[in-house]
Amino acid sequence: MSETDVPTPYVPASVEPKWQSRWAERGTNTAKLDAPTKPFYALMMFPYPSAEGLHVGNLFAFTGSDISARFHRLLGHDVFQPLGFDAFGIHSENYALKVGAHPMELTPKNVANFTRQLGRAGFMVDWNQKVDTSRADYYKWTQWVFLQLHKQGLAYKKAAAVNWCPTDKTVLANEQVENGLCERCGTAVEQRFLEQWFFRISDYAPRLLANLDWLDWSPVTRQAQRNWIGKSEGAELTFDIAAHDASVTVFTTRADTIYGATYLVLAPEHPLVGALTTDAQRDAVTQYVDATKKQDLISRKSSKEKTGVFTGSYAVNPATGAQIPVWIADYVLMEYGTGAIMAVPGHDERDFEFAQVFNLPIVRVVAGPDDHADTPLGDAAFTDDDHGRLVNSGQFDGLAVQEAKRTVTTWLEGKQHAKAVTNYRLHDWCISRQRYWGPPIPIIYCDDCGAVPVPESQLPVELPFISDFKPDDSGISPLARHEEWYRVPCPTCSKPARRETDVSDTFLDSAWYFLRYPSANHADVPFDAARTKTWLPVNSYIGGNEHAVLHLLYSRFITMVLKDGGFIDFEEPFTRFRAHGMIIREGAKMSKSKGNVINPDVYMEEWGADAFRMYLMFLGPYEEGGDFRDQGISGVRRFLDRLWSSVRDASTEGAPDAEVLRKMHRTIKKVGEDTANLAYNTAIAAMMEYMNAVRRGERAPHRDELLPLVQLVAPFAPHLAEECWEQLGHSGSVFDAGWPVFDAAMLVDNTVDLVVQVNGKVRSKLHVPVDITQDAALALAMQEEGVAKFVTGEPKKVIFVPKRLLNIVV
RNA sequence: ACCCGGAUGGCGAAAUCGGUAGACGCGAGGGACUUAAAAUCCCUUAUCCGCGAGGGUGUGCGGGUUCGAGUCCCGCUCCGGGUACCA
């Protein structure tokens with residue numbers, strides 16, 4: 001063997017850069033944005049460009065999206081797959097503070113590093129259309145989005161008790177608080193009162209909820225949004241206050257239990273507390289209200305111990321006419337419902353606990369199937385509302401709970417004491433952040449004109465470069481310390497005025513970025529009308545379920561607002577959404593503190609990007625995630641090596657093997673179906689199985705046996721596929737070659753293995769024609785000694801499933 | 001507490017409709033090739049009894065439906081994720 005005959009080994013380090021630069025030269029990944037015949041917008045969740053670089057979780061997510069995008073391209077779509085950077089936000093700012101750098105200088109570096117790593121992984125990204133939320137050419141339009149909401153009356157300012165993180169020195173959205181701790185740094189969150197900008201997302205709750213019924217989204221994601229929106233149907237009931245010209249309105253989902261309402265509870269912040277408090281109770285109530293105010297929002301919500309104070313006043317139960325005491329307690333929240341409840345200790349766990357602590361009367365008004373009106377309640381409230389019937393409830397005795405909810409509400413409505421009401425637990429979206437690293441909210445405060453929106457012609461309100469961007473505990477944004485920026489003339493009257501110094505929430509940046517991509521290079525509009533019409537809504541969105549509520553809900557909301565404003569003609573941004581799973585390592589969660597974080601660069605270096613991509617997809621079902629084990633990657637690499645050498649060894653002489661061809665057509669079918677369903681792990685397994693058939697016993701493969709395999713593997717291992725495609729004599733990209741078509745005739749078997757069972761236990765297998773009759777199969781089976789010996793006497797029954805099994809019951 | 005997932009060999013996992021449990025891969029053991037090693041290829045690999053042919057058992061636990069259950073139903077246990085005093 002001469003030197004030149006030595007087979008060239010597969011060296012990803014030379015194959016991968018070759019194709020990456022060729023893709024760039026040829027514009028392979030550039031979408032036909034203006035004249036697509038079959039546009040397909042494939043979106044992946046853009047990353048926050050951390051200083052640590054790309055996380056393996058990012059890569060797992062992107063690879064799955066990329067495979068889907070490449071697959072659709074092979075199917076003949078004009079695929080547009082952009083990517084960008086969610087570069088604003090507290091992450092970047094905190095990191096900059098930690099290392100003593102400036103986010104405005106750090107971010108471009110991180111973006112560059114991410115771009116390098118993403119390029120290395122070989123994604124089919126159209127980099128001409130990138131987006132960076134921290135650049136003025138992007139956030140100019142984020143500010144524009146704010147102005148549209150403002151114009152529609154959906155942005156408003158109010159003083160509110162907010163979650164305050166003493167470490168990050170900023171307000172947090174409820175969604176950013178986990179178990180009373182800051183989602184980012186783990187510090188216990190406190191309560192503060194600040195003037196904040198809010199968006200009226202709660203106005204959209206019914207619409208956001210209703211559309212979930214038809215959206216083609218992962219069921220888990222839709223369920224998470226349903227829970228978050230938290231629709232609750234019930235009634236507002238009005239209780240007159242004895243000896244006062246006042247009444248208290250409560251919200252309840254259990255109007256049927258009105259006869260068991262033995263006291264009322266108001267939130268300590270309830271506006272009527274002062275008026276209802278008697279002189280005798282004044283000191284106790286004031287003390288309790290003050291204590292509640294000082295307590296942070298979180299320990300108030302996490303502590304389940306029931307505390308409260310009697311106001312001294314009594315309300316009249318509109319059903320019984322009885323006078324019942326009015327209490328205040330912090331387990332009633334001002335921000336939900338009416339801030340007041342009727343307490344039914346017999347049938348609500350919290351009211352039961354409270355009544356026990358304060359010795360308030362507990363009455364049974366609902367009886368379970370085994371109970372009667374006087375069955376004692378024991379040590380818990382009876383809360384089953386599906387199997388209960390009313391008792392001790394006057395004319396309503398005997399009604400089922402569900403029916404009684406309506407009947408009692410209607411009855412009280414007739415007495416002007418009730419109104420059917422639907423409540424949502426979705427709160428308005430607080431977008432104010434007392435921070436530096438975000439888009440300034442485009443509002444100017446004028447002593448004469450009030451809060452004036454910055455005219456669109458004056459956008460962007462640029463974020464100035466300041467060196468002292470560290471937040472302090474004043475609760476005021478660092479921007480306020482910069483007079484030259486802070487002081488501006490009023491846009492309306494030109495008198496001296498002041499800028500809003502809060503910046504907006506990062507989630508606003510990401511709530512519309514998908515609209516920007518197709519128009520990323522349009523300086524004059526946020527999104528070009530024609531491009532938007534062509535490409536949106538997004539055909540396929542793939543991302544992590546950690547964004548199931550925040551990002552995805554906000555994006556839907558902003559899209560609805562823009563539709564209502566007449567800017568776009570659709571109200572749901574993502575036609576199809578699929579949530580991918582999580583990657584763990586050797587059975588454990590990855591974390592910096594455990595030191596088990598995977599650095600993608602290391603693996604791509606050792607095994608190649610294609611092997612790494614493919615291994616990530618092989619770990620387990622994409623939508624469930626997988627367990628990364630270092631040893632496993634060698635199996636995938638071996639497969640790629642075999643494909644490589646098969647292509648080198650491929651012959652064009654003779655004809656392909658008939659059995660291999662049959663397997664090939666089955667594989668084309670299976671890989672196509674699995675890839676469409678994101679079942680990447682089984683698609684890869686099918687390709688491996690086919691590879692085994694092709695190379696069984698070191699046989700020399702035929703070129704025609706390999707061509708379709710190269711196309712099948714292309715979405716998974718794009719560099720290797722391109723190289724093999726070229727090796728097999730093509731000059732263009734494999735991604736323009738189309739997806740192979742299977743021949744249905746090749747899938748049909750003439751014979752099949754029929755399983756023979758006796759009483760459900762496998763006793764034999766018969767190799768028989770597919771169309772064998774039951775009688776013929778039975779006759780054949782009875783000739784088998786291993787079957788006959790279990791069949792004593794006449795079979796009681798014979799079950800025959802064509803092509804599958806024969807079960808003889810004796 | 002509530003709402004979602006999930007539990008299958010030594011390990012990651014497969015099993016489209018209720019029809020051969022364990023595809024594919026890792027690891028392990030054996031063999032071929034080699035002076036040798038690596039690489040490659042072939043075989044074995046759920047478990048128990050048996051020399052073998054063969055047979056029994058087996059998909060977290062306990063019941064049930066069915067000719068037949070990993071898959072469906074009822075009741076639990078454990079693990080992961082989300083929400084959490086939402087009236």
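The basis for the numbers below is simple: all heavy atoms, side chains too, and nothing from hydrogens, waters or symmetry mates. Residue numbers start from 1 in every chain, and the chains themselves are labelled A, B, ... in the order their sequence lines are given, proteins ahead of strands. As the structure is a computational prediction, the values presented were derived from the model and not from experiment.
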- Task: State whether A:Lys797 places a side-chain N or O below 4.0 Å from either non-bridging phosphate oxygen (OP1 or OP2) of B:C67.
- Result: yes
- Counting side-chain heavy atoms from CB outward, which of B:G81, B:C24, B:C67 is closest to A:Lys589? B:G81
- Message: Between A:Lys663 and A:Glu689, does any side-chain N to carboxylate O distance fall below 4.0 Å?
- Response: yes
- Note on the structure: Which of A:Phe639, A:Phe628, A:Trp607 passes ring-ring contact (aromatic ring centres under 6.0 Å, His included) with A:Tyr615? It is A:Phe628
- Task: Starting at atom CG of A:Asp630, determine the distance to atom P of B:G27, rounded to an integer number of angstrom.
- Result: 12 Å
- So what stems show up for RNA chain B if we need 3 or more Watson-Crick or G-U pairs in a row, all under 3.5 Å? B:1-7 with B:77-83, B:10-12 with B:24-26, B:27-32 with B:40-45, B:46-49 with B:54-57, B:60-64 with B:72-76
- Query: Hey, is B:C17 sitting syn or anti, using the within-90° cutoff around 0?
  - Reply: syn
- Query: Any ion pair linking A:Asp649 and A:Arg642 (charged N to carboxylate O, less than 4.0 Å)?
  - Reply: no
- Item | B:G9 glycosidic torsion: syn (within 90° of 0) vs anti | syn
- Item | Closest to side chain of A:Arg425, choosing from B:G25, B:U83, B:A14 | B:U83
- Just how far, in rounded Å, is C1' of B:G82 from CD1 of A:Ile229? 15 Å
- Scan A:Asp351 against the nucleic acid and name what it touches under 4.0 Å (heavy atoms): base, sugar-phosphate only, or nothing. nothing
- Message: Please confirm whether the shortest side-chain N or O distance from A:Thr682 to OP1 or OP2 of B:A13 is below 4.0 Å.
- Response: no
- Counting just side-chain N and O atoms, does A:Arg226 come under 4.0 Å of either OP1 or OP2 of B:U83? no
- Interatomic distance, CG@A:Leu806 vs CZ@A:Arg763, rounded to 0.5 Å, equals 14.0 Å
- B:C41 phosphate, OP1 or OP2, under 4.0 Å from A:Arg642 side-chain N/O: yes
- Note on the structure: Between A:Gly339 and A:Lys761, whichever has its closest RNA chain B nucleotide further toward 5' is A:Lys761
- Does the side chain of A:Asn692 get closer than 4.0 angstrom to OP1 or OP2 of B:G25 through an N or O atom? yes
- Would you say B:G19 has OP1 or OP2 under 4.0 Å from some side-chain N or O of A:Asn807? no
- The answer to which of A:Glu349 and A:Leu805 contacts RNA chain B further toward the 5' end, by nearest nucleotide, is A:Glu349
- Task: Sticking with atom C1', work out how far B:U59 lies from B:A13, rounded to a whole angstrom.
- Result: 13 Å
- Query: For the pair made of NZ in A:Lys670 and P in B:C24, what is the distance, rounded to whole Å?
  - Reply: 12 Å
- Query: If you draw the axis of the six-membered ring of A:Tyr331, does the NZ or CZ of A:Lys306 fall within 45° of it and under 6.0 Å from the ring centre?
  - Reply: yes
- Query: For A:Asp610, does its backbone N or O pair with a side-chain atom of A:Arg637 as donor and acceptor, under 3.5 Å?
  - Reply: no
- Task: In plain terms, say whether A:Glu705 and A:Arg699 are close enough for a salt bridge, that is, a side-chain N and a carboxylate O under 4.0 Å apart.
- Result: yes
- Query: Do A:Lys796 side-chain and B:C67 base share a donor-acceptor contact under 3.5 Å?
  - Reply: no
- Query: Honestly, is A:Arg556 close enough over A:Trp228, meaning NZ or CZ under 6.0 Å from the six-membered ring centre and within 45° of the axis?
  - Reply: no
